[in-house]
Amino acid sequence: MKNVLTIILAAGKGSRMNSQLPKVLHKLADKPLLHHVYDRCAELENNSVTIVYGHGGELVKASLSHLKVNWLEQKQQLGTGHAVLQAYELINNDDTVLILYGDVPLLSQSSIACLLAKVNEKTVSLLTVTLDKPFGYGRIIRNQQGQVIKIVEEKDASSEEKAVHEVNTGIVAVHGKCLKKWLTQLSTNNAQHEYYLTDIFAMAVQDDCLIEVSQPEYVEEVLGVNDRLQLSELERFYQLNQAKILMKSGVTLKDPQRFDLRGVINSLGTDIEIDVNVVLSGQLSIGNNVSIGANTLISNSVIGDDVQILPNCIIENAVIGNSSRIGPFARIRPDTVLSDHVHIGNFVEIKKTTVGESSKINHLSYIGDAKVGAGVNIGAGTITCNYDGVNKFETIIGDGAFIGSDTQLIAPVKVGANATIGAGSTITKDTPEQQLTLSRSKQVSVVSWQRPIKKT
Ligand code: UD1
Ligand code: CA
């Protein structure tokens with residue numbers, strides 16, 4: 001297989017975003033536009049990726065520095081041809097050069113495969129689309145036999161050429177040796193005084209090369225992001241697509257228009273039911289028979305089988321064991337690991353805590369930096385006082401313990417197995433197993449007491 005040299009053009013300013021952030025760093029489904037393009041190329045075999053950057057380039061480079069990429073700076077943006085020219089030294093004669101745009105995030109793998117399948121020394125492979133409103137795009141000009149003979153930019157087009165609806169997507173695959181030859185012949189002799197990459201097509205025809213055209217399955221694949229409206233449109237297209245894929249694989253989405261996946265589900269069970277306004281992000285794993293209630297955010301978490309997540313929960317970096325029930329209105333914060341059959345109820349916040357099998361924390365509690373055993377019942381309003389203003393301390397609650405409502409556990413502290421803590425206690429010392437511990441003043445009733453009477 002031929003070496004593919006992918007050149008991603010990303011030097012454009014993106015002024016219509018009205019942003020301090022370079023356009024290609026704006027995010028679609030929580031991932032920078034340029035990262036989407038990169039991920040598509042990274043899936044190709046024998047491929048190396050070069051990114052041509054310009055405006056705000058250092059920031060682009062810095063924020064994607066973990067990618068395996070050759071970075072090339074285009075100091076002045078003198079056109080798409082000039083941008084590709086920056087990579088001239090990197091192009092080997094027998095490479096296949098694939099040219100992509102950093103602000104066109106949703107190109108599919110199959111469209112790329114289609115392009116690459118057609119390119120050779122005698123054939124340039126071009127992706128086009130037919131648009132109702134072709135304004136602004138380069139038009140594909142064909143001869144009477146229907147063969148592509150050139151591309152004419154909007155600003156250079158005659159009225160006859162402007163009437164053409166088939167447009168250049170800018171996405172091309174070209175044989176390395178040919179491209180190098182044509183790049184050196186580009187000029188700025190056009191309406192915009194730019195080096196147009198599109199001029200290579202007429203040169204190709206001059207050199208008896210054929211121009212093969214493919215079209216993407218969806219027009220959205222080749223749409224660029226120039227402003228925030230277009231960004232939102234592509235986001236919705238992308239999300240609806242993901243929703244369709246999930247539904248095909250056995251997930252019920254109450255409303256696919258109100259579902260967002262900003263990450264990857266690495267492992268997905270069957271019979272998952274997801275209500276409206278659920279946002280899943282990061283790396284996720286979801287078991288069988290899981291239901292996720294409305295208005296819930298889950299990121300970077302593992303959800304076991306038969307889990308019920310009631311509405312309005314936030315779950316981050318957590319593991320939820322099988323047959324557990326969470327919410328409504330629960331917040332499960334990072335490094336929480338819940339075993340099987342755990343119940344976490346409303347207005348409960350849990351952080352950096354492990355909870356053993358069948359334990360229940362059902363109402364209005366804060367449990368942080370804790371190890372909760374199995375079969376524990378934590379009453380309403382329990383607080384682990386884990387922070388003295390400087391350091392964090394741990395609370396350990398043994399198996400089978402019963403913590404009465406409105407208890408403060410002043411960490412570091414241990415509650416023994418099967419211990420009972422009386423409601424309203426402030427526990428500052430370790431409590432023994434089995435016994436009842438409570439710390440509250442005795443209740444008294446004053447028999448002869450009378451309410452004060454207003455003085456006249
Ligand atoms: C270009 C094509 C046009 C096509 C359209 C599709 C040319 C001359 N025209 O037009 O035929 O219909 O894309 O969207 O190729 N870029 C650089 N450096 C530069 C100029 C551009 O890196 O000096 C990058 C931009 O960041 C962008 C891409 O190249 O990712 C396209 O640039 P843009 O200015 O949007 O091209 P158009 O004029 O719209
Ligand atoms: Ca453009």
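Only this structure's heavy atoms are used, side chains among them; waters, hydrogens and symmetry mates stay out. Both counts, for ligands and for their atoms, begin at 1 and track the order of listing. This chain uses plain numbering: 1 for the first residue, then up along the sequence. What you see is a predicted model; the values in this text were computed from it and never measured.
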**Report entry** Close N or O approach (Ile151, ligand 1; < 3.5 Å)
**Finding:** no
Query raised in the report: For ligand 1, which part of His82 has a heavy atom less than 4.0 Å away: the side chain, the backbone, both, or neither?
Result: neither
Query raised in the report: Quick one: which ligand 1 atoms are inside 4.0 Å of a heavy atom on Tyr137?
Result: 6 (C), 12 (O), 14 (O)
Requested in this report: For Tyr196, counting its heavy atoms only, list the atoms of ligand 1 lying under 4.0 Å from any of them.
Outcome: 8 (C)
Query raised in the report: Hey, is Val52 touching ligand 1 through its side chain, its backbone, both or neither, going by heavy atoms under 4.0 Å?
Result: neither
Report summary line: If we number the atoms of ligand 1 from 1 as shown, the ones under 4.0 Å from a heavy atom of Ala10 are 22 (O), 26 (O)
Query raised in the report: Does Asp103 come within less than 4.0 angstrom of ligand 1, counting non-hydrogen atoms of the residue?
Result: yes
**Report entry** Nearest candidate to atom 20 (C) of ligand 1, where distance is taken over non-hydrogen atoms, out of Gly54, Gly14, Gly79, Gly81
**Finding:** Gly79
Report task. Test Thr354 against every option in Val337, Leu338, Val372 by the side chain to side chain contact (heavy atoms under 4.5 Å, CB included) rule and name the one that passes. Result -> Val337
Requested in this report: Could you give me the CA-CA distance, side-chain angles and deciding distance for Asp306 and Asn322, then say whether side chain to side chain donor-acceptor pair (under 3.5 Å) is met?
Outcome: CA-CA 6 Å; Asp306 305 304; Asn322 299 329; over 6 Å; no
Requested in this report: Please identify each residue that fulfils side-chain hydrogen bond (donor to acceptor under 3.5 Å, both in side chains) with Ser15, with sequence neighbours left out.
Outcome: none
Requested in this report: May I ask you to decide if the ring planes of Phe347 and Phe329 are parallel, tilted or perpendicular, using 30° and 60° as cut-offs?
Outcome: parallel
Query raised in the report: Hey, is Gly224 one of the residues with a heavy atom under 4.0 angstrom from ligand 1?
Result: no
Query raised in the report: Backbone, side chain, both or neither: what part of Ala11 comes under 4.0 angstrom of ligand 1, heavy atoms only?
Result: both
Query - side-chain contact (heavy atoms from CB on, under 4.5 Å) involving Ala157 - partner list, sequence neighbours excluded - result: Val152, Glu161, Lys162
Requested in this report: Kindly determine whether Tyr196 and Asp156 satisfy side chain to side chain donor-acceptor pair (under 3.5 Å), including the steps that lead there.
Outcome: CA-CA 11 Å; Tyr196 289 166; Asp156 302 280; 2.7 Å; yes
Query raised in the report: Can we say Glu394 and Lys371 salt-bridge, meaning some charged N sits less than 4.0 Å from an Asp/Glu carboxylate O?
Result: yes
Report summary line: In ligand 1, the atoms that come under 4.0 Å of a heavy atom of Tyr101 are 1 (C), 2 (C), 6 (C), 13 (O), 14 (O), 15 (O), 28 (C), 30 (O), 31 (C)
Query raised in the report: Ser301 pairs by side chain to side chain contact (heavy atoms under 4.5 Å, CB included) with which of Ile332, Thr336, Ile315?
Result: Ile315
Query raised in the report: So Trp71 and Tyr53, would you call those rings parallel, tilted or perpendicular, with 30° and 60° as cut-offs?
Result: perpendicular
Query raised in the report: Thr80 to ligand 1: N or O pair under 3.5 Å?
Result: yes
**Report entry** Numbering as shown, the atoms of ligand 1 that approach Gly138 to under 4.0 Å (heavy-atom distance)
**Finding:** 3 (C), 4 (C), 11 (O), 12 (O)
Query raised in the report: Is Gln74 in polar range of ligand 1, meaning some N or O pair under 3.5 Å apart?
Result: yes
**Report entry** Minimum heavy-atom distance Gly293-Val278, with the two atoms named
**Finding:** O-CG2, 3.3 Å
Report summary line: In terms of its nearest heavy atom to atom 3 (C) of ligand 1, the top option of Lys155, Gln192, Glu153 is Glu153
Query raised in the report: Which of the atoms in ligand 1, numbered in the order shown and given with their element, are less than 4.0 Å from a heavy-atom of Ala83?
Result: 17 (C), 18 (N), 22 (O)
Requested in this report: Look at Lys392 together with Asp369 and state whether they make a salt bridge at an N to O cut-off of under 4.0 Å.
Outcome: no
Query - Which segment of Lys23 sits under 4.0 Å of ligand 1 when only heavy atoms are counted - result: neither
Query raised in the report: In terms of atom number and element, which parts of ligand 1 are under 4.0 angstrom from non-hydrogen atoms of Thr169?
Result: 6 (C)
Query raised in the report: Around atom NZ of Lys254, are there more than 12 heavy atoms of other residues, nucleotides or ligands at under 6.0 Å?
Result: no
Report task. State whether the shortest distance between N or O atoms of Leu9 and N or O atoms of ligand 1 falls below 3.5 angstrom. Result -> yes
